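Quick notes on the structure that follows.
None of these values were measured; they are calculated from a predicted model. Positions are given from 1, in the same order as the sequence printed here.
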Amino acid sequence: MSSPFVSLLVFVFLCLLFTINCQHPPPQGTFIDCGATNTNTSGFQEWELDFSFISSGIPKTLNPIPDFLPIHLQTLRSFPLGDGSRKKFCYDVPAVPRAKYLIRTSYFYGGVNGNDFPVPPVFDQIIDGTVWGIVNTTDDFYNGVPSYYEGVFVARVKAISVCVAINAYTESDPFINALELIRLDDSVYNTTDFGNFGLNLVARNSFGYPQTLIRYPDDPFDRMWKPSGESYSTPKIVKDIDVAGFWNLPPLNIFETALTTEQESPVNLDLQWPTVSLPNSTYYIALYFVDGRNSSSRVFNITINGIQYYQNLNATTAGAVVFASRWPLSGRNTISLIPVEGSVVGPLINAGEIFNLLPLGGRTLTRDVTAMENLKNGFENPPIDWNGDPCIPPEHAWTGVACSAGPRVRVVSL
């Protein structure tokens, strides 16, 4: 079951059987309403104005504003494309060194770049010196819904830099509507080597949940669990489960329903998940199981694309979380739940999360960063892209700044 490329762990937690009546306290962190001119309360938190976190860009308000759009997405900050060179525009957000954060960026274009640009721009987003990924909101824009990008990162120093950046595909001004940094419990996703990797969310689903999105106050960290659209039966699961002992602290709601086979007989359950085709990479996978029945055996093996993932999982009222810290995937993928001999009922699954393991980039030498920040502060009008790391990533270094290559990155000339 094991290999140099795969780390697989299973944690089964006995849970006290009582109903949880208390509500989680609001998540702690920084919530930035980009481009807003007035503070507002949306959802459980008060959103801050963004001007103290960034020195470039133009605040804009959507016009018209869709009725369904929450107030913190009705404004945005837009950044000039200029000559198309690969500039980056960064929010510097205070953080606790070595603390773990869920970072979420939100986008709703609304045509703010004018009639000449009916399609949203495509651009990069960067965390400190790491290219997080490409922001392409086109499909969501045509469907009339916001786009959300989420990752998990550990703060290296007293601030985290979150940037949008021009790339070769950017045809109009990049933008951002909202930025959230939510402090996570140290135990969450803690088998990840956050000194060398971040987690980039691919999918988080509550299988069989027929309602709307699950998030705070059900999820203590306001993670978004999207309902599954699979066409299997969804038996109701008992609600009296204490999730406080579950790995990754999931919300109770994900255990209220499950996907299972169309009949209760022990036949295979094949799940095409996630629904998107994946690039060839290494992934963190967490699968969640609870069986609300107090009798009969529900034991099954789990394979991914025909490769053994876990053997003889006994789904009981105690619950189980099975996860792999490093699992290679590419293309379309199938999770198969296969009843073992002697199991009298079919398998089930309640929820799943999958993240791409994102190798972290380097950092410019700290004293050089300090020197460049001091130089920037001495200018009345510094270049608009002089924010974030001066040298990293190399394709988005500050305008006019030359840097060394290699593991010890330094500013060498201006």
Side-chain angles (χ1 to χ4, degrees), residues 7 9 11 24 26-32 45 91 93-107 124-135 147-163 176 178-206 213-216 218-226 243 246-251 254 274 276 278-279 281-288 321-327 329 351-361 363:
S7 171
L9 299 170
F11 284 80
H24 297 292
Q28 300 301 303
T30 303
F31 306 90
I32 302 172
Q45 73 275 58
Y91 285 81
V93 185
V96 177
R98 295 180 295 279
K100 190 184 304 174
Y101 290 89
L102 180 153
I103 299 178
R104 182 158 54 226
T105 53
S106 302
Y107 303 92
D124 290 338
Q125 57 183 5
I126 298 169
I127 298 289
D128 293 329
T130 302
V131 178
W132 181 358
I134 295 176
V135 175
S147 299
Y148 301 97
Y149 292 79
E150 186 181 306
V152 179
F153 300 88
V154 166
R156 301 180 183 183
V157 292
K158 293 182 179 180
I160 293 178
S161 178
V162 183
C163 318
I176 183 170
L179 170 61
E180 301 166 70
L181 273 71
I182 299 174
R183 180 80 179 265
L184 294 178
D185 188 90
D186 290 341
S187 67
V188 177
Y189 313 121
N190 71 353
T191 59
T192 302
D193 176 11
F194 283 106
N196 292 296
F197 298 94
L199 295 177
N200 176 38
L201 181 66
V202 176
R204 182 187 293 115
N205 291 104
S206 178
L213 196 70
I214 299 173
R215 55 187 307 182
Y216 184 82
D218 300 300
D219 188 289
F221 309 111
D222 195 36
R223 291 169 295 188
M224 296 179 175
W225 300 78
K226 294 183 178 180
V243 294
F246 272 80
W247 205 255
N248 292 338
L249 301 176
I254 68 170
V276 296
L278 300 180
S281 188
T282 304
Y283 294 85
Y284 174 103
I285 307 170
L287 305 177
Y288 300 84
V321 182
V322 182
F323 67 90
S325 297
R326 297 174 61 86
W327 191 279
L329 292 174
E353 295 179 277
I354 181 168
F355 296 85
N356 185 12
L357 214 61
L358 187 65
L360 298 180
R363 287 180 57 84

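The backbone N or O of Pro250 lies less than 3.5 Å from no partner atom in the side chain of Asn248, so there is not a single donor-acceptor pair. Side-chain atoms of Arg104 come within 3.5 Å of backbone N or O of Asp222 as a donor-acceptor pair. A donor-acceptor pair is defined here as one N or O able to donate and one able to accept, closer than 3.5 Å; no such pair exists between the side chain of Asp128 and the backbone of Thr130. Under the 3.5 Å distance criterion, the side-chain polar atoms of Asn356 are left unmatched by any main-chain donor or acceptor of Leu358.
Put simply, the residue from Asp193, Thr191, Thr192 that forms a side-chain contact (heavy atoms from CB on, under 4.5 Å) with Ser325 is Thr191.
Across all their heavy atoms, Gly361 and Arg156 have their closest contact at O-NH2, 3.0 Å. In terms of heavy atoms, Ala95 sits closest to Pro97 at O-CD, 3.6 Å. The minimum heavy-atom distance linking Ala324 with Trp327 is given by the pair CB-CE3, 3.9 Å. A pairwise comparison of heavy atoms in Glu150 and Met224 identifies OE1-N, 4.4 Å as the closest pair. When all heavy atoms are compared, the tightest approach of Lys100 to Val188 is NZ-O, 2.5 Å. The minimum heavy-atom distance linking Tyr101 with Ala155 is given by the pair CE1-CB, 4.1 Å.
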Side chain to side chain donor-acceptor pair (under 3.5 Å) between Glu353 and Tyr189: does it pass, once the steps are laid out? CA-CA 11 Å; Glu353 295 179 277; Tyr189 313 121; 2.5 Å; yes

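Between atom CD1 of residue Ile214 and atom CG of residue Asp219 there is a gap of 9.0 Å, rounded to the nearest 0.5 Å. How far OH of Tyr148 is from OG1 of Thr105: 11.0 Å, rounded to the nearest 0.5 Å. The structure places CD of Gln28 at 10.0 Å from OG1 of Thr30, a figure rounded to the nearest 0.5 Å. Taken to the nearest 0.5 Å, the CG atom of Leu249 stands 5.5 Å off from the CG atom of Asp185. Atom CZ of Arg215 is separated from atom NZ of Lys226 by 11.0 Å, given to the nearest 0.5 angstrom.
Between Gln125 and Val162 there is no side-chain heavy-atom pair separated by less than 4.5 Å. Residues Asn200 and Phe355 fail the side-chain proximity criterion, which asks for heavy atoms closer than 4.5 Å. When side chains are defined from C-beta on, Leu357 counts as touching Leu199, because their heavy atoms get closer than 4.5 Å. For the pair Leu329 and Ile354, the minimum side-chain heavy-atom distance is below 4.5 Å. A 4.5 Å side-chain heavy-atom check between Val157 and Arg363 finds at least one atom pair inside the cut-off. Here the side chains of Leu179 and Leu181 are in contact, with some heavy-atom distance below 4.5 Å. Using a 4.5 Å cut-off on side-chain heavy atoms (C-beta onward), Pro251 and His24 make no contact. Here the side chains of Leu360 and Asn196 are not in contact, with every heavy-atom distance at 4.5 Å or above.
Tyr91 meets the ring-ring contact (aromatic ring centres under 6.0 Å, His included) test with no other residue; sequence neighbours excluded. Applying the ring-ring contact (aromatic ring centres under 6.0 Å, His included) test to Phe153 and every residue at least two apart in sequence or in another chain returns Trp132. Applying the ring-ring contact (aromatic ring centres under 6.0 Å, His included) criterion to Tyr149, with sequence neighbours excluded, gives Tyr107.
Using the six-membered ring where Trp is involved, Tyr288 and Trp225 have ring planes that are perpendicular, over 60° apart on the 30 and 60° scheme.
In Asp186, the CG atom is not crowded: 12 or fewer heavy atoms of neighbouring residues, nucleotides or ligands sit closer than 6.0 Å.
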